[in-house]
Amino acid sequence: MKESRPAITDVSENALVVWLRERGEPAYRAKQIRRQVARGTADDWSGLTDLPAALRAALAQSFRWSAVEPVREIESADGETRKVLLRLHDGHHIESVLMPHHGARNSVCFSTQAGCPMACAFCATGEMGLVRNLTTGEIVDQIRHWQRELIAKGERVSHVVAMGMGEPLANLDATVTAVKMLIDPELFGISPRRVTISTVGLVPQMDELAALDLPMNLAVSLHAPNDRIRFSIVPSNKRWGVDEILAASKRYVEKTNRRVTFEYVLLSGVNDAERDAIELATRITKLGRTSDYQKARDSGPSSTGRAGLGSYHVNLIPVNPGPGGFARPPVERMERFAEVLQEHGIAATLRISKGQDIAAGCGQLKVAEGRARAS
Ligand code: SAH
């Protein structure tokens, strides 16, 4: 049977007010309902015990409690990182990952699309192609899934990263509406500084995001110091090349005053040479130089602060096993790459991503063909 009720997280506050009015209920209930839905203490409509029973029943009849339904969870050998397979109402599946950090923080990696149209050569999700965009509710409910169990332990989701399946900026509206719910103090109350959107580098959408002026972090999947290398691994580079992406990153920094992280997947023999590190460092150094516009405006020695080199960070990720048969470079080579960047004054970190054994590392999220039918 086809599910026709929208999920409550796909219903705007205004729409909920209209729905309440039609039933002679006061408008203030809309905020109350949305707050409780986001808080995560209840398992379903019956848990909203401070609402009249008749209203709860009516809500259940009109709205699904959640846009996603957990099918299976897998725990990493490290005992911390976990991945959940979630079913959508039309039978498609997505994945979301919880990365707890010694009780100090709980990061959730969420998906913005089922599959992904970008087809990066090393990425498992890219291999699937795009299935469809997720709705706002389907994005938010991934966070809600984890929030529900954390709240029982007196914890909550503290950080979120759009680094799951899909290209967030190819589904910009739903992603931005979801982020606005996540940072709303009345709803999830996550600090915008703890929200990161990762993009393959869709330049017009990077500018759109900057124009929103939300103080959240942007990660840009650069993966190469020049177009020649990037063409061979990131198909969208044909549309938006390295120079344009770097310029858009600078505009983002100048507009939002936030840092940009360049993601750089290290692929043995492809983009891991010392000369690649030097070229990358040179380009980022140029980016860090203040623009003429800024110099004119600031006209002082302090003009290195805002939008200077300190606004850029490079995150080096050894490739996780996946499509394309790429291999990780030897450790010394990866360390040397990081060192070159650091010698140029660029903050660079080399990180082995968590949860690889359960295929929950970067770019490993992929719903296998058969699974989608099995459940
Ligand atoms: N579409 C977004 C989000 C993708 S996933 C983007 O391109 O940024 C987040 C990060 O994981 C991206 O930087 C992506 O390039 C990286 N990634 C993809 N496949 C990977 C792999 N096999 N190993 C390591 N990182 C990978």
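Order of listing sets the numbers, starting from 1, for every ligand and every atom in it.
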Asker: Check ligand 1 against Val200 and write out every atom of the ligand that is under 4.0 Å from a heavy-atom position of the residue.
Answerer: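 Matching atoms, with element in brackets: 6 (C), 7 (O), 8 (O).
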Asker: Parallel, tilted or perpendicular, judged at 30° and 60°: which one describes the rings of Trp65 and Trp45?
Answerer: perpendicular
Asker: Considering non-hydrogen atoms of the protein only, which is the closest contact for atom 19 (N) of ligand 1, and what is the distance?
Answerer: Gly363 CA, 3.1 Å
Asker: Which protein heavy atom lies closest to atom 6 (C) of ligand 1, and at what distance to 0.1 Å?
Answerer: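 The protein heavy atom lying closest is Ser221 OG, 3.3 Å.
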Asker: What part of Val319 sits under 4.0 Å from ligand 1 if we count only heavy atoms: the side chain, the backbone, both or neither?
Answerer: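 Val319 to ligand 1: contacts from backbone and side chain alike.
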Asker: Suppose we measure from atom 3 (C) of ligand 1 to each protein heavy atom; which comes out shortest, and what is that distance?
Answerer: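 For atom 3 (C) of ligand 1, the nearest protein heavy atom is Gly166 O, 3.6 Å.
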Asker: Just need the protein heavy atom nearest to atom 23 (N) of ligand 1, so name the residue and atom and give the distance.
Answerer: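 Ranking protein heavy atoms by distance from atom 23 (N) of ligand 1, first comes Asn320 N, 2.8 Å.
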Asker: Quick one: look up the protein heavy atom nearest atom 21 (C) of ligand 1 and list residue, atom name and how far away it is.
Answerer: Cys362 O, 3.3 Å
Asker: Would you kindly specify which portion of Thr125 sits under 4.0 Å from ligand 1, judged on non-hydrogen atoms: side chain, backbone, both or neither?
Answerer: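 Near ligand 1, Thr125 shows nothing, with every heavy atom at 4.0 Å or more.
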Asker: Please report which non-hydrogen protein atom sits nearest to atom 1 (N) of ligand 1, along with the residue it belongs to and the distance in Å to one decimal place.
Answerer: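 Going atom by atom, the protein heavy atom closest to atom 1 (N) of ligand 1 ends up being Glu167 OE1, 2.9 Å.
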Asker: Which ligand 1 atoms does Glu263 reach within 4.0 Å, using its non-hydrogen atoms?
Answerer: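 Here the atoms of ligand 1 in question are 13 (O).
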Asker: Give the atom numbers and elements of ligand 1 that come within less than 4.0 Å of a heavy atom of Cys123.
Answerer: 18 (C), 19 (N)
Asker: Counting non-hydrogen protein atoms only, what is the nearest one to atom 15 (O) of ligand 1? Give residue, atom name and distance.
Answerer: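 Closest protein heavy atom to atom 15 (O) of ligand 1: His223 NE2, 2.7 Å.
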